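The next block holds one structure in the form of structure tokens; read it before the comments.
When a residue number appears, it is its place in the shown sequence, counting from 1. Remember, it's a predicted structure, so these values are computed and weren't measured experimentally.
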Amino acid sequence: MSRTTRLPLSLLRAAACTGVAALALTACGSGSGSGSGSAGSGSGDVKVGLITKTDTNPFFVKMKEGAEKAAKDEGVQLMTAAGKFDGDNAGQVTAIENMVASGVKGILITPSDSKAIVPAIEKAKAKGVLVIALDTPTEPQSAVDALFATDNLKAGELIGEYAKAAMKGKTAKIAALDLAPGVSVGVQRHNGFLKGFGATDKDVACAQDTGGDQSKGQTAMENCLQKEPGINVVYTINEPAALGAYTALKAKGREKDVLIVSVDGGCTGTRAVKDGKIAATSQQYPLKMAAEGVKAVVDFAKDGKKASGYTDTGVTLITDKAQAGVTSKDTAYGLDNCWG
């Protein structure tokens, strides 16, 4: 993914921070520039909202960065909000209501609760606001106008195929360090891994939820090693969970003989692949999701054309130990394109 950006059409005109229940809400405006056709003469009055799950996760920090750059390039105002924690649906509902009241033309959202957020989205759409989900689909996906996201099933498949090839016919004893019950991203990655590996849940020796947290990943791995000491393949929902698993394995002297695969492609995780702590990871691109989302809102403001359907923002398998028959790129590429 290229991170090259065009020169901004204008400088930021103002920045305002407004406290919102359970959220940090920020509005950043940029005036309309001249001499470019990327936005109409009234584009400086166009407001775009971005609501992420949190403002501390590096993935969402990079997403916000992508939205800010795109908003500057397009000469539009950007309002951002983030929940206090992953799962703060009430906070996201409040953010939607406040953004609609402020007159946004479109809202980009990574839903914390894919189902519970739908009524608030429907109310926004009823007022003529374009709503696009980033990274995480709503349930149903059709609740939003469009989805810009990683194909999480494919991301899981890639590391599943890699793990199968890397095992070279050895019997696998699999530990699955998952996200949380019912979360679509976690379910898709888990199912994708099993599909790529050619396995089913019956073949998983131990499954534990981690919430994508490193310390919980370590605890989960410790529990799995107690249940099945012979585990030799570890699927993890993300790289923090993978690093937690590595810590637990190293404490048992098992870090050299257990294959760990993961998803995300953050800079810390990619460096862990380079260092040999993680065998491979599927890299996704949050900056691209946000940038394309902002552009879609600008297009809607210009001509009323709504983005629709699903746009795959790409995924790449990153490893320094390539396996025959599995397409991948090395960590040099991964570090050039990582986030966080």
Side-chain angles (χ1 to χ4, degrees), residues 18-26 48-67 78-101 104 106-125 129-150 152-153 155 177-190 209-217 237-241 263-264 266 284 286-287 289-290 293 310 313 339-340:
T18 304
V20 179
L23 293 173
L25 181 64
T26 307
V48 181
L50 172 68
I51 304 170
T52 55
K53 296 178 183 180
T54 72
D55 59 6
T56 55
N57 185 313
F59 184 87
F60 300 121
V61 171
K62 180 58 66 173
M63 184 176 284
K64 180 179 176 181
E65 183 181 307
L78 179 70
M79 301 183 71
T80 63
K84 284 187 173 181
F85 55 89
D86 194 334
D88 184 12
N89 181 70
Q92 290 197 321
V93 169
T94 301
I96 290 174
E97 292 171 347
N98 279 275
M99 287 181 176
V100 171
V104 294
I107 292 174
L108 314 175
I109 184 169
T110 60
S112 283
D113 188 316
S114 296
K115 293 181 180 179
I117 198 65
V118 169
I121 288 173
E122 290 176 341
K123 289 179 182 178
K125 289 172 63 180
V129 177
L130 178 72
V131 182
I132 297 174
L134 304 181
D135 178 56
T136 305
T138 52
E139 296 182 40
Q141 185 176 313
S142 59
V144 290
D145 292 294
L147 168 67
F148 293 167
T150 304
N152 282 292
L153 186 69
L177 304 194
D178 293 312
L179 186 58
V183 180
S184 58
V185 169
V187 172
Q188 290 166 4
R189 292 182 184 182
H190 174 100
D209 292 328
T210 68
D213 179 78
Q214 184 164 338
S215 63
K216 291 179 181 178
I237 178 63
N238 65 4
E239 292 146 3
V263 178
D264 265 355
Q284 54 180 339
L287 188 151
M289 294 176 197
Y310 167 60
T313 51
W339 45 267

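- For the pair V263/Q188, no side-chain contact is recorded, criterion being any heavy-atom separation below 4.5 Å from C-beta on.
- Here the closest heavy-atom approach between residue A67 and residue A290 is recorded as N-CB, 3.6 Å.
- Between the T210 side chain and the G212 main chain, a donor and an acceptor come within less than 3.5 Å of each other.
- In this structure, I96 and I109 have side chains that are in contact, with non-hydrogen atoms separated by less than 4.5 Å.
- Dense packing is recorded around NZ of K125, with more than 12 heavy atoms of other residues, nucleotides or ligands lying under 6.0 Å away.
- Nearest heavy-atom pair across T136 and S114 is CG2-OG, 3.7 Å.
- A donor-acceptor pair is defined here as one N or O able to donate and one able to accept, closer than 3.5 Å; such a pair exists between the side chain of Q92 and the backbone of S112.
- Expressed to the nearest 0.5 Å, how far CG of D264 lies from CD of Q284 amounts to 5.0 Å.
- Residues I51 and M99 meet the side-chain proximity criterion, which asks for heavy atoms closer than 4.5 Å.
- Side-chain contact between F59 and T110: absent, with no pair of heavy atoms (C-beta onward) separated by less than 4.5 Å.
- The shortest heavy-atom contact between V129 and G106 is CG1-CA, 3.8 Å.
- The side-chain heavy atoms of V144 and I132, taken from C-beta on, include no pair separated by under 4.5 Å.
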(message) side chain to side chain contact (heavy atoms under 4.5 Å, CB included) for M79 and N98? Distances and angles first, verdict last.
(response) CA-CA 10 Å; M79 301 183 71; N98 279 275; over 6 Å; no
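- Of all non-hydrogen atoms in A143 and T138, the two that sit nearest each other are CB-OG1, 3.7 Å.
- For the pair D213 and P240, the minimum side-chain heavy-atom distance is 4.5 Å or more.
- By the 4.0 Å N-to-carboxylate-O rule, D113 lies too far from K53 to be salt-bridged with it.
- W339 contributes no side-chain N or O that, together with a main-chain N or O of V61, makes up a donor-acceptor pair within less than 3.5 Å.
- Under the 4.0 Å criterion applied to side-chain N and carboxylate O atoms, E65 and K62 are assigned as salt-bridge partners.
- Judged by distance alone, with hydrogens and angles left aside, the side-chain atoms of D145 form a donor-acceptor pair with the main-chain N or O of V131 at under 3.5 Å.
- Side-chain atoms of Y310 come within 3.5 Å of backbone atoms of A149 as a donor-acceptor pair (strictly under, hydrogens ignored).
- Side chains of T52 and M63 form a contact here, defined as non-hydrogen atoms less than 4.5 Å apart.
- Two residues are said to be in side-chain contact when any heavy atoms from C-beta on lie closer than 4.5 Å; P286 and F60 fail this criterion.
- Residue L287 comes nearest to G66 through the heavy atom pair CG-CA, 3.6 Å, listed as atom of the first residue, atom of the second, then distance.
- Among L50, T150, T313, L147, the single residue meeting the side chain to side chain contact (heavy atoms under 4.5 Å, CB included) criterion with L134 is L50.
- Across D209 and P181, no two heavy atoms sit closer than the pair OD2-CD, 3.3 Å.
- Using a distance-only test at 3.5 Å, with no hydrogens or angles considered, a donor-acceptor pair links the side chain of R189 to the main chain of I237.
- The backbone N or O of G266 sits less than 3.5 Å from a side-chain atom of E239, completing a donor-acceptor pair.
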